[in-house]
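All remarks here apply to the structure that follows.
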Amino acid sequence: MLQKPCIAGFGEIMLRLMPPGGRRLVQTLPGTLEATFGGSEVNCCAALALLGARIEFLTRLPEQPVAQAALMQLRGLGVGVDRVIFDERGRLGVYYVESGAAQRGGQVIYDRENSAIALAGPERYDFARLLEGVDWLHVSGITPALSEAAYRSTRALVEAAAERRITISCDLNFRRRLWRWRPEVEPRELARTCLTPLVAACSLIVASAANVEEVFGCGAAADPLGTARELSRKFPGVDRIAMTLRQCRSADEHDWGAMLYDCRSGRAYFAPTDEAGRYAPYRIGRIVDAFGGGDAFAAGLIYALSSGEFPEPERALAFAAAAGCLKLGVWSDYNYVTREEVLALMGGDAAGRLQR
């Protein structure tokens, strides 16, 4: 039996604190917040592990009990954490979440300065050890936004992976509030400068058209296909560009789908589709947790492309779109769904019936 490819994700894991019951922070504090863990890259790693992939999470954490609890949970989900580095410097990042409701949008409040991963430059990593046996490396545009040190470390890791001919993917994930470590440079300009060499080394880019337009000035948010074509011309080494197609009717109701653009053939695929093959997005009438949908989509696509289970691009995309859709019905940053559940939705079982 062939060994599964080893996928590694590099980034920060944080403590997520959220008021229960859809309340706002000002309504809840002083009081009790619900604590979970999350972060774009670790969300992707957890989802991949739950789908059955062989996954290693790469990060730095302070040596303290809350960080240990985070790793214990990941280990229980099947994520490899043996390459996690414990540091005597820094802290565990935190983010506060207010979920949206109806026409009121949700919001995130970051408390991530001086986290262990933000303080560590590339000289504090053994990249050969981190990448040993790795076949696929996944990064995002979030960790490089934390600090100059975190950017340099992400770039050095990507360069080391490229030298070893490891497949690299990047979820663009532009977060304007984080790109502040060079105050004299506007966040969008700083992100463009830093993310350009990272994206150029990638085989797969995951993004939204709005993020691509904002960071690289390519295309328009309303034209994902045109945006993907323009981005592929800017980065000729990229093989595939995947975009989530999320239309928010309210905080509770979303239309959800995705597009995959093959840069070599110039062909675009959309999912889900109806019986006639036309794009027909999932209609999600009640969002349980709006966080992590894009990460679940990225995980589904990486799983589909790396496993060889879905050699047809349209099938790989359909699997990824279904995985992202299911995440929006799961509370937590992590996508607690199985491969079988994704396949069921992909096959048309969208009624949400009780399973007995």
Side-chain angles (χ1 to χ4, degrees), residues 1-7 9 44 47-55 135-138 165-172 202-209 212 223-229 231-232 235-246 255-283 293-328 335 337-350:
M1 184 176 179
L2 292 176
Q3 188 178 41
K4 295 176 182 178
C6 179
I7 304 165
C44 188
L48 277 161
L50 287 158
L51 291 173
R54 181 173 158 231
I55 182 78
D135 302 292
W136 188 303
L137 173 68
H138 181 68
R165 300 187 180 278
I166 294 170
T167 301
I168 305 167
S169 57
C170 178
D171 193 336
L172 196 57
C202 290
S203 173
L204 170 67
I205 301 301
V206 180
S208 67
V212 173
D223 180 18
L225 179 54
T227 300
R229 286 172 173 158
L231 187 66
S232 71
F235 296 101
V238 173
D239 295 321
R240 300 180 181 93
I241 298 168
M243 292 188 176
T244 51
L245 307 176
R246 185 196 307 226
D255 288 354
W256 175 271
M259 180 196 75
L260 180 64
Y261 181 70
D262 187 311
C263 303
R264 303 301 168 222
S265 67
R267 184 172 176 182
Y269 304 89
F270 293 83
T273 55
D274 60 19
E275 293 180 356
R278 295 169 299 204
Y279 174 61
Y282 293 112
R283 297 291 299 270
D295 304 322
F297 168 75
L301 188 58
I302 292 169
Y303 175 85
L305 294 174
S306 65
S307 67
E309 186 176 346
F310 305 98
E312 306 89 356
E314 58 270 31
R315 293 273 294 166
L317 180 66
F319 184 88
C325 174
L326 287 173
K327 166 61 196 74
L328 300 180
N335 193 22
V337 302
T338 65
R339 171 183 166 278
E340 288 70 28
E341 289 172 319
V342 177
L343 289 173
L345 177 56
M346 182 181 166
D349 186 3

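Computed from a prediction, not measured in an experiment: that's the story for all the values here. Any value given below was found using the heavy atoms of this structure, including those in side chains, with hydrogens, waters and symmetry copies removed.
By the salt bridge (charged side-chain N to carboxylate O under 4.0 Å, His left out) test, Arg339 pairs with Glu309, sequence neighbours left out. Checked against side-chain hydrogen bond (donor to acceptor under 3.5 Å, both in side chains), Arg278 has the following partners two or more places apart in sequence or in another chain: Asp274. Partners of Ser203 by side-chain hydrogen bond (donor to acceptor under 3.5 Å, both in side chains), not counting sequence neighbours, listed by chain and number: Asp239. Listed by chain and number, the residues in a side chain to side chain contact (heavy atoms under 4.5 Å, CB included) with Cys202 are Ile168, Cys170, Ile205 (sequence neighbours excluded). Listed by chain and residue number, Ile241, Met243, Met259, Tyr261 satisfy the side chain to side chain contact (heavy atoms under 4.5 Å, CB included) test with Ala228 (two or more places apart in sequence, or in another chain). The side-chain hydrogen bond (donor to acceptor under 3.5 Å, both in side chains) search around Ser169 returns Trp136, His138, not counting sequence neighbours. Under the rule for a ring-ring contact (aromatic ring centres under 6.0 Å, His included), the partners of Phe235 that lie at least two apart in sequence or sit in another chain are Phe216. The salt bridge (charged side-chain N to carboxylate O under 4.0 Å, His left out) test applied to Arg267 returns no partner, not counting sequence neighbours. Remark: Asp295 engages Ser40, Asn43 in a side-chain hydrogen bond (donor to acceptor under 3.5 Å, both in side chains) (not counting sequence neighbours). Here Phe319 pairs with Tyr303, Phe310 under the ring-ring contact (aromatic ring centres under 6.0 Å, His included) rule; sequence neighbours left out.
Listed by first and then second residue, the salt bridge (charged side-chain N to carboxylate O under 4.0 Å, His left out) pairs involving residues 310-320 amount to none (not counting sequence neighbours).
Residues Ala258 and Phe297 share a closest heavy-atom pair of CB-CE1, 3.3 Å. Contact between Ala271 and Ala318 at its shortest, heavy atoms only, is CB-CA, 3.7 Å. Shown here for Ala299 and Leu51, the closest heavy-atom pair between the two residues is O-CD1, 4.2 Å. Nearest heavy atom pair, residue Trp256 against residue Gly294, reads CH2-N, 4.1 Å. For the residue pair Ala296 and Gly324, the shortest heavy atom distance occurs at CB-CA, 4.1 Å. Heavy-atom minimum distance, Ala268 versus Leu225: CB-CD1, 3.5 Å.
Separation of atoms OG (Ser306) and CG (Asp135) is listed at 9.0 Å; rounding is to 0.5 Å. Rounding to the nearest 0.5 angstrom, the gap separating the CG atom in Leu305 from the OG1 atom in Thr167 is 9.5 Å. Rounding to the nearest 0.5 Å gives a distance of 11.5 Å between CG of Asp255 and CZ of Arg246. Between the CD1 atom in Ile302 and the CG atom in Leu48 there is a gap of 5.5 Å [rounded to 0.5 Å].
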One pair to check against side-chain contact (heavy atoms from CB on, under 4.5 Å): Leu345 and Cys325. What are the steps and the verdict? CA-CA 9 Å; Leu345 177 56; Cys325 174; 4.0 Å; yes
### Message
Please determine whether side-chain contact (heavy atoms from CB on, under 4.5 Å) holds for the pair Leu328 and Tyr282, giving the CA-CA distance in whole Å, both sets of side-chain angles, and the decisive distance to 0.1 Å.
### Response
CA-CA 11 Å; Leu328 300 180; Tyr282 293 112; over 6 Å; no
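Ring pair Tyr279/Phe270 is tilted by interplanar angle, where 30° to 60° counts as tilted.
Arg264 places a side-chain N or O within 3.5 Å of a backbone atom of Val238 that can act as its donor or acceptor partner. At least one donor-acceptor pair closer than 3.5 Å links the side chain of Asn335 to the backbone N or O of Ala323.
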